[in-house]
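Read the structure below first, then the notes.
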Amino acid sequence: MVKIKSIKISGIRGIKDCFTLDMKEKSVLVFGENGSGKSSLADAIEWYYSDGIQHLVGEETGSTRGRGALRNLFIPDNEDAYIDIKYSNNKLDAIKSVDSLLKTSISNASDDFKRFIVASQSENFILRYRDLIGFIIATKAEKLEKLQSIIGFAEVADIRALLKKSAGRIASHIKSANYDNQKNAQQSVILENLGQNAYTDEQLFVGANELIKPLNIGKEIKTLKDIQEVLIKIQTKEDTALVEQISFHTNIWESLNEIVGNIDNLNTGYKSYYAGYKKLRKDPEKIRKLQLLALLKEGQSVLSNGVIKDDYCPLCQQEKNKIKLISELNARIKKLEELEQEKDILDEQGRELEGILQVNINTVDGLLKDKCFKKKENPQLVKKIQKIKFSLETLSNELKKGIKGKDPIQEPGKIHIDKKDISTLAKQEKDIAAGLTESKKSNIQFPIYNKLFQSDKAYNEYQKIERKLGILTKQQATFQALFADFIKRQETALNAFLTMFSTNINDYYTTMNPNEIVDDIKLVPIKDAKEELVGITIEYRFLDKTKIAANAYLSESHINCLGLSFFLASVKAFNKENRFVVIDDVISSYDRSHRARFTKLLTDTFSETQILLLTHEQEFFDLVSSEVKGKGWLIRNIVWSEEEGTGVEDGILGIKGRILKKFEVKTIDGLGNDIRIYTEKVMKEIASNIEAQVAFKYNEINEKRMAPELFDAVHSRISKKGDGLKQKANIPRLKGIPMLIGNITSHDNDFNVNIEDLKVTWECISETIQAFYCDDCNSCISVKWFDNVKNKIRCSCGNLSYDWKS
């Protein structure tokens, strides 16, 4: 598994000029204001691996998979945009570039790199806020599809679907071809000519020998080859044309018999189809709902893919919580899908009927190609055959209208295929063939020749149909057996995976949400009435009851935690090529406790994974930086200026570092506010360590205590315990002008302050705070280290202490 050494980007998205992030195979925390180019870094990495940027697809035509918005607008047309990534394995180093025509190229053409990129495309290593809820609120079928794509089961599912489809296609073909009817038609010919059926060679030979007995040719038929020899022996040249005519009419009789055998199924099937069709069409609202389903599914896709980033409905433009909107869409789609299933059943019934019709139409087409139809004596026969074809095609055209067609299909009585007419024509053709045979009755040899010829021909056709049916039946049985076995093996593997995967999801979620009312989170497979896998649902315990609708019971923050847990679990389980992940601004809806636990989860559970953590929130940056500064992480700031564009610099650890940096570069932008926040943060810590008493407030308000009340509480506490600390801290001076300046500059007003005013404020506050902290161990004095013998409060190492009255 590889980690990244460095990333260099130029001309991609918001990054115009060369931008280099030196990662040194370490995790990196990156802070950047909105618009600084921070997310362009994630976009460039996604394009590098997938050749597209998913969240941009909806903003473009889709044909370039978001590449149309990839190049920075301000780079020259003759200049390529590129991303250069160097890995821990330098054989995989590559530069990927795109020119002004959106033609891409990559510098590494090695087989190792090609294999690496292909394998990487099945991994999950980029997470944005818009992606958090995608899996959680997806439908059961979408969850299954998403999961299969991550775990490499997509190809397995495709094979399974292919096996099922193949078995179904063969079964449908057998049904529509009606092979039994075709075989019966051939046996009718044999029975007519031999006076008995012939299902086996032996039965054919018995009938054939009985037929040729009057000829006394001194030969017994024992093989199929013997039949051909007998036919040659008794054939005369002048009989050839007559035999051809007899075969022509026999073929018509045989073919029409096949069609007659299908008519009852066609008429009954169309009646059944019409009943279902009429039921659906009876309620126009159902048709409108079916047409609406496509729109709802498109809306679901637009929202789930992050094309709409804010909380509003893209159709009516009204404000609407995005999660709730997707949830409502899913519910409506689920309800309409039940109606769609009713339509699908009807469509399948229609397809089966069309299959049977097409087989019969093909039979008629085969008849009309016979050269005998071109003879002058057959024009009426041609019209009759064409009329049969027309009736079959009329029925087929009605089925093609479909449920959403503008015009309704005709009632069964109006397009009923007349079985009697076709049966009558078939009998006529049979009689014609018999009459032609009878015309040569005086020539005993000819009727025998013709009957043997027709029987042999029909038997060979029968055997051909039998073999074809046997092959198809065996194929169908094989596919069904493979499908059944495949299901068992797939479900065994999937259940084993889901158990392991669910355990990780549950662990990560409960780590971020300890001692809460949600636990035992599981991914559970869903089957339909036929015991086939159709989806995945999320099951969990909520107030000791099993639930499955996460969005119905969990807050947005908790749903996001669930989405984050799913992402991290997939990283842990399936990332085999890349040991790094990009997490881009995913904590917007998290409260402070969730943010802290999320940070702890990353640093403890994923300590071996290289993490590129991007954020625009200063408070979260400060929280994470204080957690990771001793764990080998790099801290970086992404900055943007009109002159130099996007750049990167060493990150500033904590708010104190930020304050010192602003003094260094002499900027007052937000400096007063930073000083106030820092003061309140540190004074809370001091008050807690010396057990200063403050008025009771509920926890949410308690977290927002202002500096003046904290100063009062600390000053009151130390005044009662001794003069040393009281004099050194000199808190009363902070309640005057310097602190006033700090407060004024942190709020909206017309007071003008300069850098020197703020510097005075900072120095006063720093001196006061320093009185409580040891220079050696950097810890605050605390009652937990109180020296009972000397009555002194001290720091952890003991080098800083003050008298402290009991």
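Here the options are Leu29, Thr609, Ile611, Val624, the test is side-chain contact (heavy atoms from CB on, under 4.5 Å), and the partner is Leu602; only Ile611 passes.
Residue pairs satisfying the side chain to side chain donor-acceptor pair (under 3.5 Å) criterion with at least one member in residues 769-781, sequence neighbours excluded, are listed as follows: Glu685-Tyr773, Gln770-Asp775, Asp776-Asn799, Ser779-Ser796. Applying the salt bridge (Lys or Arg N to Asp or Glu O under 4.0 Å) definition to pairs two or more places apart or across chains, those involving residues 796-806 are Lys792-Asp803.
Residues Thr603 and Glu627 form a side-chain contact, since some pair of their non-hydrogen atoms from C-beta on lies under 4.5 Å apart. No side-chain heavy atom of Trp785 sits under 4.5 Å from any side-chain heavy atom of Ile793. Residues Ile690 and Val714 are in side-chain contact: their nearest non-hydrogen atoms beyond the backbone lie under 4.5 Å apart. Side-chain contact check for Leu758 versus Phe663: some heavy-atom pair is nearer than 4.5 Å. Side-chain contact between Thr768 and Arg733 is present, with at least one heavy-atom pair separated by less than 4.5 Å. Looking only at side-chain heavy atoms (C-beta outward), Phe621 and Leu623 stay at 4.5 Å or farther from each other. The side-chain heavy atoms of Ile781 and Leu800, taken from C-beta on, include a pair separated by under 4.5 Å. The side-chain heavy atoms of Cys797 and Cys774, taken from C-beta on, include a pair separated by under 4.5 Å.
Shown here for Leu613 and Trp633, the closest heavy-atom pair between the two residues is CB-CZ3, 4.2 Å. The heavy-atom pair separating Phe501 from Ser570 by the smallest distance is CE1-N, 3.3 Å. Considering every non-hydrogen atom in both Val783 and Trp804, the closest pair reads CG1-NE1, 4.5 Å. In plain terms, the two heavy atoms of Lys5 and Asp22 that are nearest each other are O-OD1, 3.3 Å. The two residues Arg794 and Ser801 have their closest heavy-atom pair at CB-CB, 3.7 Å.
Under the side-chain contact (heavy atoms from CB on, under 4.5 Å) criterion, Lys8 pairs with Cys18, Thr20, Tyr82, Asp84, sequence neighbours left out. Among residues two or more places apart in sequence or in another chain, the side-chain contact (heavy atoms from CB on, under 4.5 Å) test is passed with Glu33 by Phe31. For Ser10, there are no side-chain hydrogen bond (donor to acceptor under 3.5 Å, both in side chains) partners, not counting sequence neighbours. The side-chain contact (heavy atoms from CB on, under 4.5 Å) search around Ile7 returns Ile4, Ile9, Met23, Leu41, Ile45, Ile83, Ile85, not counting sequence neighbours. A search for side-chain hydrogen bond (donor to acceptor under 3.5 Å, both in side chains) contacts involving Asn89 returns nothing, not counting sequence neighbours. Taking the side-chain hydrogen bond (donor to acceptor under 3.5 Å, both in side chains) definition, one finds that Asp584 meets it with Ser39, sequence neighbours left out. In this view, Tyr508 and Phe606 satisfy the ring pair (Phe, Tyr, Trp, His ring centres under 6.0 Å) rule, not counting sequence neighbours. Under the rule for a side-chain hydrogen bond (donor to acceptor under 3.5 Å, both in side chains), Lys726 has no partner lying at least two apart in sequence or in another chain. The side-chain contact (heavy atoms from CB on, under 4.5 Å) check on Lys662 picks up Arg658, Thr667, Leu671, Asp674, with sequence neighbours excluded. Partners of Lys24 under the salt bridge (Lys or Arg N to Asp or Glu O under 4.0 Å) rule, at least two apart in sequence or in another chain, do not exist in this structure.
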Report task. Quick one: do Glu608 and Lys3 satisfy salt bridge (Lys or Arg N to Asp or Glu O under 4.0 Å)? Show the steps, please. Result -> CA-CA 10 Å; Glu608 297 301 314; Lys3 293 184 178 180; 5.2 Å; no

Report task. Any chance you could lay out the side chain to side chain contact (heavy atoms under 4.5 Å, CB included) test for Val581 and Phe125, step after step, and finish with the verdict? Result -> CA-CA 4 Å; Val581 295; Phe125 54 87; 4.1 Å; yes

Query raised in the report: Hey, mind stepping through Arg128 and Asp43 against side chain to side chain contact (heavy atoms under 4.5 Å, CB included) and telling me if it holds?
Result: CA-CA 10 Å; Arg128 299 178 177 87; Asp43 289 346; 2.8 Å; yes

Requested in this report: Could you walk me through whether Phe772 and Leu725 pass the side chain to side chain contact (heavy atoms under 4.5 Å, CB included) test, one step at a time?
Outcome: CA-CA 8 Å; Phe772 293 88; Leu725 180 56; 3.7 Å; yes

Query raised in the report: Would Ile635 and Val628 count as a side chain to side chain contact (heavy atoms under 4.5 Å, CB included) if you check the C-alpha gap in whole Å, the side-chain angles of each, and the deciding distance to 0.1 Å?
Result: CA-CA 9 Å; Ile635 313 295; Val628 304; 3.8 Å; yes

Query raised in the report: Going through the distances and angles, do Lys572 and Asp507 end up as a salt bridge (Lys or Arg N to Asp or Glu O under 4.0 Å)?
Result: CA-CA 12 Å; Lys572 198 77 168 180; Asp507 287 348; over 6 Å; no

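Ion pair Lys38/Asp585 flagged as a salt bridge, since at least one NZ, NE, NH1 or NH2 atom sits closer than 4.0 Å to an Asp/Glu carboxylate oxygen. No salt bridge links Lys86 with Glu25; every basic N to acidic carboxylate O contact stays at or beyond 4.0 Å. Ion pairing between Lys684 and Glu680 fails under the 4.0 Å rule for side-chain N and carboxylate O.
With hydrogens and angles disregarded, a donor-acceptor distance shorter than 3.5 Å links the side chain of Asn506 to the backbone of Asp520. Of the possible polar contacts, none joining the Gln693 side chain to the Ala713 backbone as a donor-acceptor pair under 3.5 Å is found. Although no hydrogens or angles enter the test, the distance criterion places a donor-acceptor pair under 3.5 Å between the side chain of Ser625 and the main chain of Asp622. The closest donor-acceptor contact from the side chain of Ser40 to the backbone of Gly14 lies under 3.5 Å. For the pair Ser502 (side chain) and Thr499 (backbone), a donor-acceptor distance under 3.5 Å is absent.
With rounding to the nearest 0.5 Å, the separation of CD1 in Ile12 from OH in Tyr48 is 11.0 Å. Rounding to the nearest 0.5 Å gives a distance of 12.0 Å between NZ of Lys720 and CD1 of Ile718. Expressed to the nearest 0.5 Å, how far OG of Ser716 lies from CZ of Phe711 amounts to 14.5 Å. Summarising the geometry, atom CZ belonging to Arg579 is positioned 15.5 Å from atom OH belonging to Tyr87; distances are rounded to the nearest 0.5 Å. Atom NZ of Lys721 sits about 9.0 Å away from atom CD of Glu691, to the nearest 0.5 Å. For the atom pair CD (Gln610) and CG (Leu634), the distance works out to 9.0 Å, reported to the nearest 0.5 Å.
Between the side chains of Asn578 and Ser120, at least one donor-acceptor pair of N or O atoms lies under 3.5 Å.
A 6.0 Å sphere centred on NZ of Lys790 holds no more than 12 heavy atoms belonging to other residues, nucleotides or ligands.
Using cut-offs of 30° and 60° for the angle between ring planes, the Tyr678 and Trp762 rings count as tilted.
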